[in-house]
Amino acid sequence: MAPADDLLRNAHQSLPEGGLAKKLEVAAKEGRQLRVKLGLDPTAPDIHLGHTVVLQKLREFQDLGHRVVLIVGDYTARVGDPSGRSSTRPVLSGEQIDANAETYRRQAFTVLRDDPELLEVRRNGEWLDMPAADLFALARVATVAQILERDDFAKRFAARQPISVLETLYPLLQGYDSVAIASDVELGGTDQTFNLLLGRDVQRAYGQPEQVILTMPILPGIDGTEKMSKSLGNHVGVTEPADEQFGKTMRLPDDAMDAWFSLLSLPDPGTDASPRDRKRALARGVVARFHGDDAARAAEQRFDALFVSHAVPDDVESFPLSPAPGEAVHLPALIAEAFGRSRSDARRLLEQGGVKLDGEVVASDAYDLPASELDGRVLQVGKRHFRRLVAGPSAA
RNA sequence: GGGGGGAUGUCCGAGUGGUUAAAGGAGACGGGCUGUAAACCCGUUGGCUCUGCCUACGCAGGUUCGAAUCCUGCUCCCCCCA
């Protein structure tokens, strides 16, 4: 398969048509690397699977010898990208942005190759802190009508929701990033299409060859419908423990498996396999990518023990029973403390039969139990929250 | 500068003097079913020293036996006209 076709395999769209193949050709002829750009939003430091879709694509470019240029949007973060937002974003402090950018960078290496020949990290504060006259020149590149073409602006405009002047500048600033680093290709999610295309206009206005844009489909979250995002709470983080990643993936609706296999570029047993086995393969693949094969197998075993055999895990965190032996323990208080819930919540759990001791449901009216009856036993809330109770403060 | 609309529980959103801890929905949590699928069904969803008490409807004060609901001031947000 030609490199361009390969790169476009699971992509959403690349514009202009055939542009990528041409860029690759020219680069090969001139014996140079393509400069492949990705803008990062330093307001969301925790990378999840959704982010890795684009990172994975960048990795493919790296594997072909091209140079990835990550742009940390420290300066544009002051503006706030309105993409997919119905309202303006809060402004972050400089220190927060720095810290977030560093975290992001570190996590991005779970996917990208950290090779100075293949990776360049820049901050757009380097060039966007420009005199007003230069900003005017940039602002002349596009018209208000053009900017309002953008999907979310158009929607907000129609719905009479506020659009700040500052926000309308964002696409131009992002486009200027492309000029500053002489981008050949820019990647992004489909929600970035407008911004990426405008980058071409900006480059043209500044007398530069226009970049090719490549958009990747949006990965659905573990709810199977919404875009994966931390704020929706439907994400799987790359730094999450193996068990969490495995369990969350297993909760994915069947319909979403195709998208996950394709976009995450994981080996797919195919639809011949039973949905259950296929999802297990998916979960293993996810965990293996970030924690390794051994961890993936171990996670699957623990998953089976917990949810298939309903066994109490052997590595349960212990929780100290504070009263002296013989004294009564107030169960709602214990549950509240051990699992970080309110006492009212704990009472409800008891009433609904959601509390178990060593696998036995605790009677709903058992509010006080002697410590001696609890010592050494495993307290369970719901299906997957456990604490081993240990008497005496010394055990803490 | 002028005019109008709005701020309710995690979110959305009803409610314009009294049986309102506040309809409905979403989300979340617990249970059932199961492949921990999803979907679906049932229940719960402010806190606590829990047959009761406390706190809550932007903030502060007032009217009233009684206010999320009325009045006054303040803060913030949105829209329209100029």
Side-chain angles (χ1 to χ4, degrees), chain A residues 82 85-91 155-165 167 220-236 241-261 269 271-284 286-287 299-313 323 327-357 359-368 379-386:
Chain A
R85 292 271 172 160
S86 53
S87 56
T88 51
R89 286 189 178 179
V91 175
K155 276 189 197 130
R156 281 159 65 185
F157 192 72
R160 294 179 166 181
Q161 282 174 340
I163 298 170
S164 78
V165 172
E167 290 175 84
I222 52 178
D223 57 8
T225 49
E226 302 275 6
K227 161 184 180 172
M228 181 176 287
S229 86
K230 197 182 172 192
S231 56
L232 290 175
N234 64 359
H235 66 296
V236 177
D243 289 357
E244 282 294 307
Q245 292 181 339
F246 196 96
K248 282 185 176 182
T249 303
M250 287 304 286
R251 254 176 291 183
L252 184 75
D254 289 359
D255 294 347
M257 282 198 282
D258 286 339
W260 277 45
F261 273 117
T271 43
D272 290 344
S274 86
R276 181 177 52 106
D277 294 337
R278 194 169 169 229
K279 197 175 293 175
R280 280 165 174 277
L282 180 63
R284 255 183 273 119
V286 168
V287 176
E300 183 173 22
Q301 274 169 19
R302 279 194 296 273
F303 178 86
D304 282 344
L306 189 52
F307 294 108
V308 179
S309 320
H310 298 290
V312 172
E327 231 176 279
V329 174
H330 191 55
L331 229 42
L334 178 67
I335 294 162
E337 279 176 54
F339 299 101
R341 297 172 180 248
S342 74
R343 291 190 186 190
S344 300
D345 205 7
R347 286 195 187 87
R348 277 176 223 127
L349 287 167
L350 276 166
E351 279 162 24
Q352 298 189 99
V355 178
K356 291 177 185 168
L357 269 176
E360 297 289 318
V361 175
V362 177
S364 61
D365 55 351
Y367 275 26
D368 296 282
L379 182 67
Q380 176 181 359
V381 163
K383 285 173 182 145
R384 53 202 183 92
H385 302 288
F386 302 88

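Chain A is the first sequence line, chain B the second, and so forth, proteins listed ahead of strands; every chain is numbered from 1.
- Annotation: G2(B) and A68(B) have their P atoms spaced 34 Å apart (nearest Å).
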Completion exercise
Protein heavy-atom contacts under 4.0 Å, written 5' to 3' over nucleotides 40-47 of chain B as B (base), S (sugar-phosphate only) or - (none), form the string ---BSS-S
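- L379(A) contributes atom CG, which lies 6.5 Å from atom CG of L331(A) (distance to the nearest 0.5 angstrom).
- Remark: the backbone N or O of S229(A) is paired with a side-chain donor or acceptor of N234(A) at under 3.5 angstrom.
- Only the P atoms considered, U45(B) is 12 Å distant from G24(B), to the nearest whole Å.
- For M250(A) and G35(B), the CE to C1' distance is 7 Å, given to the nearest whole Å.
- C59(B) and C76(B): their P atoms are spaced 15 Å apart (whole Å).
- D345(A) is linked by a salt bridge (Lys or Arg N to Asp or Glu O under 4.0 Å) to R341(A), R348(A), counting only residues two or more places apart in sequence or in another chain.
- G4(B) and A14(B) are spaced 22 Å apart, taking the P atom of each and rounding to whole Å.
- Summarising the geometry, the separation between CG on L252(A) and C1' on G35(B) is reported as 13 Å, rounded to the nearest angstrom.
- Not a single donor-acceptor pair, N or O on each side, falls under 3.5 Å between the base of G35(B) and the side chain of D277(A).
- C78(B) and A60(B): their C1' atoms are spaced 24 Å apart (whole Å).
- Side-chain proximity of R341(A) to the nucleotides C29(B), G35(B), U36(B) is greatest for C29(B).
- The gap from the P atom of G27(B) to that of U36(B) amounts to 22 Å, rounded to the nearest Å.
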Problem - 5'-to-3' dot-bracket of RNA chain B (Watson-Crick, G-U; under 3.5 angstrom; crossing pairs as [ ]; | other strand) - result: ((((((((.[[[..)..(.....]]]((((((.......))))))(((...)))...[[[[[..)....]]]]]))))))).
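- The salt bridge (Lys or Arg N to Asp or Glu O under 4.0 Å) check on R251(A) picks up nothing, with sequence neighbours excluded.
- One can place CG of D223(A) at 10 Å from P of A39(B), the figure rounded to the nearest angstrom.
- Atom-to-atom, CZ of R284(A) to P of G35(B) comes out at 18 Å; the value is rounded to the nearest Å.
- Listed nucleotides G35(B), U36(B), C29(B) differ in distance to L349(A); the shortest reach to its side chain belongs to C29(B).
- With sequence neighbours excluded, the residues forming a salt bridge (Lys or Arg N to Asp or Glu O under 4.0 Å) with D258(A) are R278(A), listed by chain and number.
- Atoms NZ (K383(A)) and P (G30(B)) sit 8 Å apart, rounded to a whole Å.
- H385(A) pairs by the side chain to side chain donor-acceptor pair (under 3.5 Å) definition with nothing, not counting sequence neighbours.
- Residues meeting the side chain to side chain donor-acceptor pair (under 3.5 Å) test with Q380(A), sequence neighbours left out: none.
- Straight-line distance from the NE2 atom of H235(A) to the C1' atom of G27(B): 16 Å, rounded to whole Å.
- Remark: D254(A) pairs with K279(A) by the side chain to side chain donor-acceptor pair (under 3.5 Å) rule, at least two apart or across chains.
- The salt bridge (Lys or Arg N to Asp or Glu O under 4.0 Å) check on K248(A) picks up E240(A), with sequence neighbours excluded.
- Distance check, rounded to the nearest 0.5 Å: CE of M250(A) to CZ of R284(A) gives 9.5 Å.
- Residue L306(A) is out of contact with every strand shown, counting any heavy-atom pair closer than 4.0 Å.
- Within 4.0 Å (heavy atoms only), G224(A) reaches no atom of the nucleic acid at all.
- Rounded to an integer number of Å, the gap from Q380(A) CD to C29(B) C1' is 15 Å.
- Atom pair L334(A):CG and U49(B):C1' shows a separation of 17 Å (rounding to whole Å applied).
- Taking atom P on both U51(B) and C40(B), the two are 37 Å apart, rounded to the nearest angstrom.
- For the C1' atoms, the distance linking C11(B) with A28(B) amounts to 11 Å, nearest Å.
- Here the CH2 atom belonging to W260(A) is positioned 4.0 Å from the CE atom belonging to M228(A), to the nearest 0.5 angstrom.
- For the pair R251(A) and H330(A), nearest-nucleotide mapping onto RNA chain B gives the more 5' position to R251(A).
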